[in-house]
Number of protein chains: 2
Amino acid sequence: MATFDVKNIGHLRPAISRGETMPSPCAACSIRHLSLCAALQENEVQEMAAIVTTLEVGAGEPLIDEGQPAVHVFNVTSGAIRVYKLLIDGRRQMTGFLFPGDFLGLANEETYAYSAEAVTASTVCRFPRRKIEALLIKYPRMERRLLGMASHELAAAQEQMLLLGRKNAREKIASFLLMLSRRAEQRGLPADPIFVPMSRNDIGDYLGLTTETVSRTFSDLKSKGAIELLPAGKVRLAQREHLEEVAEGA
Amino acid sequence: MATFDVKNIGHLRPAISRGETMPSPCAACSIRHLSLCAALQENEVQEMAAIVTTLEVGAGEPLIDEGQPAVHVFNVTSGAIRVYKLLIDGRRQMTGFLFPGDFLGLANEETYAYSAEAVTASTVCRFPRRKIEALLIKYPRMERRLLGMASHELAAAQEQMLLLGRKNAREKIASFLLMLSRRAEQRGLPADPIFVPMSRNDIGDYLGLTTETVSRTFSDLKSKGAIELLPAGKVRLAQREHLEEVAEGA
DNA sequence: CGCTACGTTGAGAACAATCAACCCCGGTGG
DNA sequence: CCACCGGGGTTGATTGTTCTCAACGTAGCG
């Protein structure tokens with residue numbers, strides 16, 4: 001047990017600190033085309049680089065705590081982040097899994113409305129919210145990009161509501177696997193043997209199911225030949241067409 | 001059965017047409033402070049008025065069909081609108097109920113990702129999407145307001161995911177009634193005897209329940225004295241504190 | 001080498017869905 | 001005028017999917 005860590009802060013290790021003396025991490029950012037920074041021109045990237053801090057977050061470590069002052073926004077650059085809300089008795093609903101390029105921390109209120117933790121060891125770019133807001137005013141193109149990302153997220157949230165409210169366990173799992181596949185593809189990773197870094201419990205909390213039901217449903221899909229469970233958390237979508245049909249409720 | 005109506009179009013009756021010859025409907029708009037137009041100054045309101053069409057939509061009539069080209073955006077000015085997505089076998093998930101001031105039609109893609117219908121007779125302001133986009137570029141303040149509305153909606157969507165994935169029937173109904181109460185209050189209506197214009201079936205499709213479960217849960221809350229069912233779709237929240245606790249999962 | 005976290009599988013329970021009957025009300029047409 | 005019809009709501013009986021509780025296997029790690 002660490003002895004001198006400030007709670008929820010000490011684990012966040014700056015990997016590369018403020019931009020001025022170091023080479024800009026943004027210039028070489030490999031996922032910029034996916035991120036908020038896609039909207040930026042060269043000189044604007046400089047301004048972002050000047051206010052960014054690159055952080056490493058270990059597996060399971062918190063990044064955001066619901067209810068805390070919303071002083072930072074983040075951009076995921078590697079790894080996977082889980083975002084969730086809790087009921088007071090501890091029931092948890094994952095509202096999303098974030099991958100490189102995804103944005104995190106948008107808040108209307110003065111406090112975060114959700115919590116976020118690393119699923120696997122991850123790196124994120126952290127920006128002071130106030131400074132980002134100033135940049136948004138200065139560069140409307142960036143604000144437009146952010147609006148685009150927000151409305152994209154909104155569409156995804158509505159799709160997830162359809163899943164949570166109206167799909168059964170098998171349809172939920174099929175939808176989930178296909179979602180991971182599509183997002184991997186967007187990032188230039190293989191669309192078929194997909195990497196599933198999160199636990200059965202995490203998946204359950206994302207889909208409104210229990211660990212056991214997730215496990216049973218995986219087993220069921222496997223026994224029917226629709227998927228194959230490979231070592232190291234990889235899953236092969238052996239019958240993608242079939243999975244698509246199941247996911248749509250056909 | 002109407003004989004000459006163009007399908008899904010004929011029922012949309014322009015109440016007041018384009019702004020130029022008519023007195024601007026926007027100038028007297030009573031819910032402007034709640035709407036996108038809250039961000040506008042007098043001369044900017046003129047520009048909105050120039051591109052707006054005010055429509056009346058009868059109870060049950062469609063406003064948006066999922067998959068159709070997203071050529072308009074809307075602002076609700078009276079009544080109530082239901083927004084939903086369907087699975088191919090007909091299962092329906094309501095993604096929201098919209099009331100005066102709420103915005104509708106934001107789309108990243110070229111087509112709508114959801115459908116929308118009037119719950120009760122309603123009026124909406126309709127704007128050509130292209131022209132609104134031009135105004136957003138011209139007036140960044142308006143774009144900022146829209147981003148604020150989008151991130152507010154995103155927070156609401158996450159709250160709804162928590163409800164759909166992790167709350168039981170009683171908690172869902174309690175949350176729903178309190179949501180209606182808060183939104184009525186925001187609009188200057190009484191927060192307590194609330195008006196519930198939508199059917200049990202609509203409520204079920206919003207909460208991920210069946211009609212029967214919604215009805216039973218209402219009856220149950222009534223028998224426990226938590227609510228009172230008044231005539232004309234009004235509901236009294238007799239024990240608001242208790243409902244709050246139930247809704248939070250306490 | 002044991003501990004813990006995670007995953008799987010089984011048995012039984014529970015909550016909500018399904019199927020069904022009935023009521024009430026408003027609209028329509030005989 | 002009134003009988004009929006259809007939609008919405010309520011309630012009951014039964015079913016079924018998922019949850020809960022439990023046991024056990026396995027892999028990683030101190």
Side-chain angles (χ1 to χ4, degrees), chain A residues 1-2 58-61 82 87 89-93 117-121 163-174 176 196-224 227-235 246 249, chain B residues 1 58-61 82 87 89-93 117 119-121 163-174 176 196-224 227-235 246 249:
Chain A
M1 209 136 295
E61 291 176 347
R82 56 176 175 246
L87 291 175
D89 65 359
R91 277 174 285 174
R92 182 177 69 159
Q93 178 64 44
E117 299 168 350
V119 174
T120 62
L163 178 149
L164 289 168
R166 289 303 181 212
K167 293 186 184 177
N168 65 28
R170 180 186 303 203
E171 293 162 349
K172 285 176 175 180
I173 296 285
F176 174 70
V196 182
M198 60 290 286
S199 70
R200 298 288 183 261
N201 191 42
D202 283 356
I203 297 172
D205 283 352
Y206 182 60
L207 301 177
L209 299 171
T210 58
T211 310
E212 296 93 328
T213 299
V214 172
S215 183
R216 276 187 245 275
T217 308
F218 268 93
S219 299
D220 183 54
L221 287 172
K222 186 176 78 169
S223 77
K224 295 210 164 71
I227 63 173
E228 262 176 71
L229 300 179
L230 310 177
K234 292 244 191 277
V235 177
V246 171
Chain B
M1 211 136 293
E61 291 176 346
R82 55 177 175 245
L87 291 175
D89 64 358
R91 278 174 283 174
R92 183 178 67 159
Q93 178 64 43
E117 300 169 349
V119 174
T120 61
L163 177 149
L164 289 169
R166 289 304 181 210
K167 292 186 185 178
N168 65 29
R170 181 185 302 204
E171 293 162 349
K172 285 175 175 179
I173 296 286
F176 173 69
V196 182
M198 60 290 286
S199 70
R200 298 289 183 260
N201 191 42
D202 283 355
I203 297 172
D205 282 352
Y206 182 61
L207 301 177
L209 299 171
T210 57
T211 311
E212 295 93 328
T213 299
V214 172
S215 184
R216 276 186 245 275
T217 308
F218 269 94
S219 299
D220 183 55
L221 287 172
K222 186 175 81 170
S223 77
K224 295 208 164 72
I227 63 173
E228 262 175 71
L229 300 180
L230 310 177
K234 292 242 190 278
V235 176
V246 171

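Here is the naming used below: chain letters follow the sequence lines, and residue numbers restart at 1 for every chain.
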Distance check needed: [N] [atom2] versus [X] [atom1], whole Å only.
{"X": "A:Asn201", "N": "D:dC19", "atom1": "CG", "atom2": "P", "result": "12 Å"}
{"X": "A:Arg166", "N": "C:dT18", "atom1": "CZ", "atom2": "P", "result": "9 Å"}
{"X": "A:Glu171", "N": "D:dT17", "atom1": "CD", "atom2": "P", "result": "12 Å"}
{"X": "A:Leu164", "N": "D:dT17", "atom1": "CG", "atom2": "P", "result": "20 Å"}
{"X": "A:Arg92", "N": "D:dC19", "atom1": "CZ", "atom2": "P", "result": "15 Å"}
{"X": "B:Asp89", "N": "C:dT18", "atom1": "CG", "atom2": "C1'", "result": "15 Å"}
{"X": "A:Asp220", "N": "C:dG7", "atom1": "CG", "atom2": "P", "result": "18 Å"}
{"X": "B:Asp202", "N": "D:dG8", "atom1": "CG", "atom2": "P", "result": "9 Å"}

Taking the side chain of B:Thr210 as its heavy atoms from C-beta onward, which of D:dT18, C:dT18, D:dT10 lies nearest to it?
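When the side chain of B:Thr210 is considered, C:dT18 is the closest of D:dT18, C:dT18, D:dT10.
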
Which one, C:dT8, C:dA16, D:dT18, comes nearest to the side chain of A:Arg200?
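Shortest atom-to-atom distance from the side chain points to C:dT8.
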
Name the nucleic acid region contacted by [X], choosing base, sugar-phosphate or nothing; use a 4.0 angstrom heavy-atom cut-off, strictly under.
{"X": "A:Gly208", "answer": "sugar-phosphate"}
{"X": "A:Ser215", "answer": "base"}
{"X": "B:Ser199", "answer": "sugar-phosphate"}

Could you check if a side-chain atom of [X] sits within less than 4.5 angstrom of a side-chain atom of [Y], using non-hydrogen atoms only?
{"X": "A:Met198", "Y": "A:Tyr206", "value": "no"}
{"X": "B:Leu221", "Y": "B:Val246", "value": "no"}
{"X": "B:Val235", "Y": "B:Leu229", "value": "yes"}
{"X": "A:Asn201", "Y": "A:Arg92", "value": "yes"}
{"X": "A:Val214", "Y": "A:Glu212", "value": "no"}

Gap separating the CZ atom of A:Arg170 from the CG atom of A:Leu209, nearest 0.5 angstrom:
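It is 13.0 Å, given to the nearest 0.5 Å.
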
Can you build the contact string for nucleotides 19-25 of chain C? Use B for base contact, S for sugar-phosphate-only contact, and - for no protein heavy atom under 4.0 Å.
B------

A:Thr211 side-chain N/O to C:dC6 phosphate OP1/OP2 under 4.0 Å
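False: A:Thr211 side-chain N/O out of range (4.0 Å or more) of C:dC6 OP1/OP2.
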
Check this for me: does any side-chain nitrogen of one of A:Asp220 and A:Arg216 sit under 4.0 Å from a carboxylate oxygen of the other?
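Not counted as a salt bridge, because no side-chain N and carboxylate O are separated by less than 4.0 Å.
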
